[in-house]
Amino acid sequence: MTSTGSAGTTAGVAEDGLDVSRVRRDFPFLRARINDHPVVYLDSAATAQRPRAVVEAESDFALLEYANVHRGVHTLSQRATARYDQARERVRRFVGAAAASEVVFTAGTTAAINLVARSHARPLLRPGDEILLTEMEHHSNIVPWQIVAQEAGAVIRVIPVTDAGELDLDQAAHLIGSRTRVVAVAHVSNVLGTVNPIPVIAELAHSVGAVLLVDGAQAVPHRRVDVQALGCDFYAASAHKMYGPNGIGFLWGRRELLEAMPPWQGGGGMIEVVSFDQTTFAPPPARFEAGTPPITQAIGLAAAVEYLEALGWEAIERHEATLLAEATRRLAEIPGVRLIGNSADRVGVVSFVVDGIHPHDVGTVLDLGGVAVRASHHCAQPLMRRFGVTGTVRASFGVYNTLEELDALVAGLHEARRVFGG
Amino acid sequence: MTTPSELYQGVILDHNRAPRNFRPMPEATGHGEGYNPLCGDQLSVWLRQDGEQITDVSFQGSGCAISKAAASLMTTVVKGKTRAEASAIFDSYHRMVTGRGGPADDLPPKLAIFAGVREFPARVKCATLAWHALKAAMDEGGGAPGR
């Protein structure tokens, strides 16, 4: 099969460099049928499907090598510890961290943000201090800050979003000031796909002595992340958005910041010496990993990193850019479809509304045709209000999606318009 | 296999486009709020009671076709009923949309068009949101979320 024009193909090595038919063979899930139709999974921004390599890495470890870490003198425990440490090293390289000790395994992005809000921000916040967020944040990068702000009497400020779905950086420059302690911003919007200019925001934050936390949940499956180049101070992400297991994520933090942070949960594994009078806490990252960590999931996360890197970032980016361009073009052709946001720098996420049809109803009609999209407020209610909608339909693309699958999406939208008399 | 047209029957589409009793009620004796945290949809239900009897009922809000049509049809069905009758209809309706038994004899026939909802567990909340708000309004517990 060959391709014409700039569009990639599904069979053989597409000209964008990603052999999608081979990729698809790595994901047995894609052979499923939903409502008598082949599944068309356009909800990777909610959670990505896992390739066989990730699940097998987890199951091999669980079936053959499993033991607790940092506990036993026995061989199995030592091996498990080594694998767990290797997983951390994998993540270190994945984000370009200076040292593996700067990588803390957490339950996910939400837990990582809560950890920073609780252990970094809360102790230093004074009444009247400010936390700067953006209008496009996911609730998980809003609520943890609200909680600590309320406790400390601090104030939340919000960088507005333009009609194009980009951060208003002029406003940001006015909103940031000497009272700003923390700036927390998504690397990539889960609704709009917008890639935010993190280095610019980092410079802004650092000019007033604030730290910058980046919510990287939606960026890690799409772009190579280099925390040094981004210039941020904390970076949080989840494995399940990047073809890895759920139940694990990570926080990268600058060493001096992590070292200054008190623990947020107490328990085994995060201590040096415990007596009833006093406990000495372990240095990071162990300080923030109380209890038995998600060991099997860490092995799976490492396998997901390997899988992504083997595909190659350039190939991934090109493939997703092709899908995004084609989806944007075809959706815009459908009468009554209004696309939300059109930032120049975007990953494979498209949000839209259909005139006169509630997103939920669009989602149900698409589902009946085997097409899985998200239809809701996407845990970003402030952004929904910004664009004057209660929710949107969101199609999000991963490495396994094809141009042919867009046919099913477009057909489903025509069907929805027919059913609703559009 | 359900087709879109089987779920979205003409009556549902009609009530979605032109919801009945879609207005606030300043003289209401009871008011309830339904909120669906999944989609952010919310609606208000008002009613007037004369003793045990519901003499008027109305709603307003935003929602999908299922939730709007369910609210609209609800208002047409419970008007004139007693509180006990309205509660009994809700119980019967709830059993139907959750797939725990077919439409009972006491279910007003026009509500049977929501039987297809049982195939869509994610949409049960849409079909019952207004009813939960009605219950709150009858209990005069305005503000109770429609869970």
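Keep in mind that the numbers below use all heavy atoms, side chains included, and drop hydrogens, waters and symmetry copies. Letters go in sequence order (proteins before strands), and every chain restarts at 1.
- Residues satisfying the ring pair (Phe, Tyr, Trp, His ring centres under 6.0 Å) test with F90(B), not counting sequence neighbours, are H94(B), W131(B), H132(B).
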Item to check | Working for side chain to side chain contact (heavy atoms under 4.5 Å, CB included), residues D361(A) and R123(B) | outcome: CA-CA 10 Å; D361(A) 296 319; R123(B) 308 304 297 277; 2.8 Å; yes
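- Counting heavy-atom pairs under 4.5 Å between each of C126(B), G10(B), P4(B), A122(B) and chain A puts P4(B) at the top.
- Interatomic distance, CG of N35(A) versus OG1 of T3(B), reported as 11.0 Å (0.5 Å rounding).
- Residues that satisfy the ring pair (Phe, Tyr, Trp, His ring centres under 6.0 Å) test with H360(A), not counting sequence neighbours, are H358(A).
- Rounding to the nearest 0.5 Å gives a distance of 7.0 Å between CZ of F120(B) and CG of D367(A).
- R330(A) CZ: more than 12 foreign heavy atoms inside a 6.0 Å radius.
- When every heavy atom of H377(A) is checked against every heavy atom of P37(B), the shortest pair comes out as NE2-O, 2.8 Å.
- The stretch residues 61-83 of chain B places S62(B), G63(B), C64(B), A65(B), I66(B) near chain A, each with some heavy atom under 4.5 Å from a heavy atom of that chain.
- At most 12 heavy atoms of other shown residues, nucleotides or ligands fall within 6.0 angstrom of atom CD in Q150(A).
- No more than 12 heavy atoms of other residues, nucleotides or ligands shown are found within 6.0 angstrom of CZ on R338(A).
- For F397(A), the ring pair (Phe, Tyr, Trp, His ring centres under 6.0 Å) criterion is met by no residue, not counting sequence neighbours.
- Across every non-hydrogen atom of V419(A) and L13(B), the tightest pair is O-CD1, 3.1 Å.
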